[in-house]
Number of protein chains: 2
Amino acid sequence: MLSEFKKYLSESLELPDQEIQPILSSAIPRKLRRNELLLQAGDVCRHKVFIVSGILRTYSISANGNEHIVQFSSEKEWTLDIESYDLETPATVNIAAVEPTDAILWKKNDFNALLASLPLLKKYSKQLISRKIYENRQRLLTAISATPEEKYDDFIRNNPHLIARLPLHMIAAYLGISLKTLTRIRHAQLYR
Amino acid sequence: MLSEFKKYLSESLELPDQEIQPILSSAIPRKLRRNELLLQAGDVCRHKVFIVSGILRTYSISANGNEHIVQFSSEKEWTLDIESYDLETPATVNIAAVEPTDAILWKKNDFNALLASLPLLKKYSKQLISRKIYENRQRLLTAISATPEEKYDDFIRNNPHLIARLPLHMIAAYLGISLKTLTRIRHAQLYR
DNA sequence: GCAAAGTATGGTCAAATGACCACGTTTTTC
DNA sequence: GAAAAACGTGGTCATTTGACCATACTTTGC
């Protein structure tokens with residue numbers, strides 16, 4: 001599991017070998033089964049998470065028991081409940097594996113030490129956060145302005161690697177539409 | 001206009017006087033009339049903006065001509081199109097005054113210099129950005145999970161200082177519901 | 001490999017929503 | 001202060017959406 005992560009560090013971050021070693025030494029590998037929780041709402045999010053393989057979903061359960069998905073994260077992505085992690089407050093969301101997932105965790109202290117000692121890592125982290133901010137604004141705009149069909153088409157366009165791996169009801173829970181509406185859209189698109 | 005901003009700096013940021021002066025000296029005051037554009041989609045966002053009084057709205061126009069509001073910003077808040085500002089790419093949103101507004105602008109270079117020389121300002125900026133991230137996630141969650149009525153109630157709860165100053169159609173454009181639905185909700189709430 | 005769980009689709013029906021239009025009132029602008 | 005623009009509400013009607021349920025099929029987990 002760590003060797004793939006090493007590859008990511010050297011290729012995507014272009015980190016030299018001697019900077020990779022300290023990152024590995026505080027890494028905590030973690031295997032998750034389908035539907036296993038990585039973070040439970042109410043707990044404090046104490047780790048940064050990198051996904052080696054698999055998919056995680058970040059979701060919350062509304063008063064009437066419905067699940068709403070804030071985010072999917074898959075291979076070579078990082079995830080956490082940022083608010084809970086920063087402020088050390090109870091998480092309001094759950095993070096669970098959609099499919100069997102290999103992840104790597106770092107404790108907050110360890111990761112902060114890495115950020116302080118590895119400028120390249122820090123720079124890269126900032127970039128990732130910025131990109132997330134831009135993406136989230138776009139997602140919000142779509143959520144308030146697009147029709148269900150546009151939302152679905154958008155999702156396919158932005159997440160081609162996920163469509164075949166996610167059950168439809170999760171896509172619906174991510175888009176904020178009902179499963180029924182989603183299957184109707186798919187049905188309609190068959191004959192066009 | 002600048003004196004109110006000075007007060008903000010010393011009270012909210014607790015900046016000592018000698019750190020306030022450099023911020024003021026690169027500040028560009030700007031008065032906006034109702035509906036006047038501060039940033040036009042297509043242009044690059046080249047300024048950080050602080051609002052002394054008034055309200056700005058950040059919005060985009062969809063293909064069919066509808067306006068969708070990404071954000072309202074009012075007194076003592078900062079605003080910009082962060083993606084356009086960071087990457088110096090054409091903005092995809094417009095920023096315009098909802099009511100007559102007094103704002104203060106800084107050029108990116110000037111503001112970056114301030115951030116580099118004033119650690120307190122930098123720290124405060126980071127905090128603001130973090131808070132925005134948390135808020136935006138909550139807003140997204142509401143957008144995909146709440147009923148129109150819940151969205152409206154949420155809006156009132158989170159923006160009590162704005163409700164009386166915004167026309168309903170803008171609130172609708174912010175919530176992603178039609179004006180008709182919004183007036184229906186208000187009507188229903190009268191008799192409860 | 002097999003039982004159990006999960007998944008995709010479709011039917012039906014009630015309710016919610018939006019598009020369009022009209023009208024009386026309020027606010028803005030000069 | 002008067003004309004014009006903007007605003008809030010309501011009516012109607014077609015359409016979309018969701019809730020609930022059933023069924024056939026596929027995937028999962030041991």
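Protein chains get the first letters and strands the later ones, always in sequence-line order, with residue 1 at the start of each. Owing to the predicted nature of the structure, the values given are computational and were not obtained by experimental measurement.
In this structure, CD1 of A:Ile185 is placed 15 Å from C1' of C:dG10, rounded to the nearest angstrom. In this entry the distance linking CD of B:Glu150 with P of D:dG18 reads 14 Å, nearest Å. Rounded to whole Å, atom C1' of C:dA8 lies 16 Å from atom CD1 of A:Ile163. Remark: P of D:dT28 and CG of A:Leu32 are 16 Å apart, rounded to the nearest angstrom. Taking atom CD of B:Glu99 as the reference point, atom P of D:dA5 lies 22 Å away to the nearest angstrom. Distance, B:His169 NE2 to D:dG8 C1': 10 Å, rounded to whole Å. Look at CG on A:Asn64: it is 13 Å from P on D:dG18, rounded to the nearest Å. Between B:Leu166 atom CG and D:dC7 atom P there is a gap of 11 Å when expressed in whole angstrom units.
Where A:Pro148 and B:His187 meet DNA chain D, the nucleotide closest to each residue was compared, and B:His187 sits on the side nearer the 5' end. With the nearest nucleotide of DNA chain C identified for both B:Pro100 and B:Thr181, B:Thr181 has the one nearer the 5' end.
The side chain of A:Leu168 has C:dT9 as its nearest neighbour among D:dT9, C:dT7, C:dT9. Each of D:dT9, C:dT9, D:dC7 was ranked by its minimum atom distance to the side chain of B:Leu179; first place goes to D:dT9. When distances are taken from the side chain of A:Arg34 to each of D:dT28, D:dG18, D:dC7, the shortest belongs to D:dT28.
Heavy atoms of B:Arg184 sit under 4.0 angstrom from at least one base atom. As judged by a 4.0 angstrom heavy-atom cut-off over every strand, B:Thr183 is placed among the base-contacting residues.
In this structure, A:Lys6 places its NZ atom where only 12 or fewer heavy-atom neighbours from other residues, nucleotides or ligands lie under 6.0 Å away. Shown here is A:Lys108, whose NZ atom has more than 12 heavy atoms of other residues, nucleotides or ligands within 6.0 Å.
Residues B:Arg157 and B:Asp154 are paired through a salt bridge, judged by an N-O separation under 4.0 Å between the basic side chain and the carboxylate. A salt bridge is absent between A:Asp81 and A:Arg46: the closest approach of a Lys/Arg side-chain nitrogen to an acidic carboxylate oxygen does not fall below 4.0 angstrom.
The base of D:dG11 lies close enough to the side chain of B:Lys180 for a donor and an acceptor atom to sit less than 3.5 Å apart.
Screening A:Lys132, A:Glu77, A:Arg57 against A:Gln71 for a side chain to side chain contact (heavy atoms under 4.5 Å, CB included) leaves a single residue, A:Lys132.
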